[in-house]
Amino acid sequence: MNLASLDLNLVVALRALLEERNVTRAGQRIGLSQPAMSAALARLRRHFDDELLARVGGHYELTALGQVLLDRTATAYDVLERLFASQADFDPATEEREFKLVASDYAVAVFGTALARVVHEEAPGIRLCFTHTPPTVVDGTATLLSATDGMLMPHGVISGFPVTDLYDDRWVFLVADDHPGIGDRLTRRDLARLPWVTYQRTYDTPAVRQLGMLGIEPRPEVSVDSFQLLPLLVAGTRRIALVQARLARLLSPIAAVRVVEPPYEPVPLREALWWHPVHTHDAAHIWLRETAARVGAALDREAW
């Protein structure tokens, strides 16, 4: 396919048509008249050799190919938008821009809040949008990073992309304040016999993989999609949970839990900002990375 022969404006039209499923509404959305939008749809149908929108009764529905293109078009639009928003110079005090970062609730609570404070003080026109890490992060890393400004993720889960290291953390266990069977320390036998609260996603893969290598098989009793819910689901029970020490310190006032060190040397946890190579030389993104590194260094200097 010769990209030079394509009209990239059709990407905008295609996205509007697939999402609105109506020629008139799609035209209104992107500022085109109904005849101009109909002409764009005709060109798209010729290009894909598919109807894309098929009339069913009094409305349109996406064809099978149209359904496939729906998500791909949104991703392509985001990539093009970020590509043409690239700048040679960037003044954080005067610019207006939104940065979209993929992160777990742990990363937002521990690092994102600190980053947001600095951005608020130094770049009042900059907006931060944090979105949750999807389950497909490992298999679809390139696609995910191409449509965002970066991802907060510790080393050991993904690789092969540019990265800025941020700060260190460590893994600890949470137990209820009044847990009847645990004193000041846990044993490996405790880890095997007690029920667990676990995080559902692959974010903590290195820590879980280490448990398997030690011959420890966690017995999950509750599984949640939020690190911040772990203390609440441990309090008042016999359950235990593996959690980051910085988050445990942050959340300990809201739940009757206490921190216990692992009965083994846990794998190191180094949080980092990963990004797609397309952002490497963008002035705005360079500012974002440098600011993130500065905030991470400040966290590293704090006692935890």
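Keep in mind that the numbers below use all heavy atoms, side chains included, and drop hydrogens, waters and symmetry copies.
- Atom CG of L174 sits about 13.0 Å away from atom CZ of R239, to the nearest 0.5 Å.
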#### Entry: side chain to side chain contact (heavy atoms under 4.5 Å, CB included) assessment of D169 paired with Y106
CA-CA 11 Å; D169 207 337; Y106 152 73; 2.7 Å; yes
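- A 6.0 Å sphere centred on CZ of R189 holds no more than 12 heavy atoms belonging to other residues, nucleotides or ligands.
- No donor-acceptor pair under 3.5 Å is formed between the side chain of D165 and the backbone N or O of A272.
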Acceptor/donor pairs from residues 223-236 side chains to any protein atom, 3.5 angstrom cut, sequence neighbours excluded:
unit_1, atom_1, unit_2, atom_2, d
D225, OD1, R201, NE, 2.7
D225, OD2, R201, NE, 3.4
D225, OD2, R201, NH2, 2.7
S226, OG, D105, OD2, 2.8
S226, OG, Q228, N, 3.2
S226, OG, L229, N, 3.4
Q228, NE2, D105, O, 3.1

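- For the ring-ring contact (aromatic ring centres under 6.0 Å, His included) condition, the pairs that include at least one residue of residues 129-155, sequence neighbours left out, are H155-W274.
- The shortest heavy-atom contact between V172 and Q244 is CG2-C, 4.3 Å.
- Taken together through direct or relayed side-chain contacts under 4.5 Å among Ile, Leu, Val, Met, Phe, Trp and Tyr, V12 and L62 form part of one hydrophobic cluster.
- Checked for salt-bridge contact, D190 and R193 meet the test: a charged N lies under 4.0 Å from a carboxylate O.
- The two residues M37 and A26 make their nearest non-hydrogen contact at CE-CB, 3.7 Å.
- At a threshold of 4.5 Å between side-chain heavy atoms, the hydrophobic network of Ile, Leu, Val, Met, Phe, Trp and Tyr places I286 and L273 in two separate groups.
- Defined by atom type and a distance below 3.5 Å, a donor-acceptor pair is present between the side-chain atoms of R289 and H285.
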Practice problem: Check the pair H179 / L194 against side chain to side chain contact (heavy atoms under 4.5 Å, CB included), numbers first and verdict last. | Solution: CA-CA 11 Å; H179 197 293; L194 291 171; 4.0 Å; yes
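- M151 and W275 fall into different hydrophobic clusters, defined by Ile, Leu, Val, Met, Phe, Trp and Tyr side-chain heavy atoms under 4.5 Å apart, directly or through other members.
- Nearest heavy atoms, A176 versus R258: O-NE, 3.6 Å.
- Expressed to the nearest 0.5 Å, how far OG1 of T73 lies from CG of L18 amounts to 5.0 Å.
- Judged as a side-chain hydrogen bond (donor to acceptor under 3.5 Å, both in side chains), and not counting sequence neighbours, the contacts of D50 are T63.
- Checked against salt bridge (Lys or Arg N to Asp or Glu O under 4.0 Å), R294 has the following partners two or more places apart in sequence or in another chain: E122.
- Scanning all heavy atoms of the two residues, the minimum distance from T198 to P220 falls at OG1-CB, 4.0 Å.
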- Message: Run the side chain to side chain contact (heavy atoms under 4.5 Å, CB included) test on W171 and Y264 for me, step by step, so that the C-alpha distance in whole Å, both residues' side-chain angles and the decisive distance to 0.1 Å come before the verdict.
- Response: CA-CA 11 Å; W171 294 102; Y264 55 87; 5.8 Å; no
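- A salt bridge does not link R238 to E221: none of the charged side-chain nitrogens sits closer than 4.0 Å to a carboxylate oxygen.
- With a 4.5 Å cut-off on side-chain heavy atoms, V102 and P134 count as touching.
- The pair E51-R45 meets the salt-bridge criterion, since a charged nitrogen lies less than 4.0 angstrom from a carboxylate oxygen.
- The pair R246-D168 does not count as a salt bridge, with every side-chain nitrogen at least 4.0 angstrom from each carboxylate oxygen.
- Ring orientation note: the planes of Y167 and F111 are close to parallel, at an angle under 30° on the 30°/60° scale.
- Looking at every heavy atom in both residues, L250 comes nearest to A109 through CD2-O, 3.7 Å.
- Interatomic distance, CG of L14 versus CZ of R43, reported as 12.0 Å (0.5 Å rounding).
- Looking only at distances, no side-chain donor or acceptor of D149 sits under 3.5 Å from a matching main-chain atom of L101.
- Contact of the V110 side chain with the E271 side chain is not registered, since no non-hydrogen atoms from C-beta on lie closer than 4.5 Å.
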Q: Evaluate the criterion side chain to side chain contact (heavy atoms under 4.5 Å, CB included) for residue pair Y60 and L17; output intermediate values, then yes/no.
A: CA-CA 10 Å; Y60 285 100; L17 285 163; over 6 Å; no
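- Here the CG-CD1 distance, from L191 to I240, works out to 5.0 Å after rounding to the nearest 0.5 Å.
- In this structure, OG1 on T291 lies 9.5 Å from CD1 on I126, to the nearest 0.5 angstrom.
- Side-chain contact check for P206 versus V157: some heavy-atom pair is nearer than 4.5 Å.
- Remark: E290 engages no residue in a salt bridge (Lys or Arg N to Asp or Glu O under 4.0 Å) (not counting sequence neighbours).
- No side-chain heavy atom of V208 sits under 4.5 Å from any side-chain heavy atom of Y199.
- Considering all non-hydrogen atoms of both residues, A248 and V243 come closest at CB-CG1, 4.0 Å.
- Annotation: side chain to side chain donor-acceptor pair (under 3.5 Å) contacts involving residues 26-35, sequence neighbours excluded, comprise E19-R29, E20-R29, Q34-S38.
- Taking CE from M153 and OG1 from T141, the interatomic distance works out to 7.5 Å, rounded to the nearest 0.5 Å.
- H279 places a side-chain N or O within donor-acceptor distance of the main-chain N or O of T148, the cut-off being under 3.5 Å.
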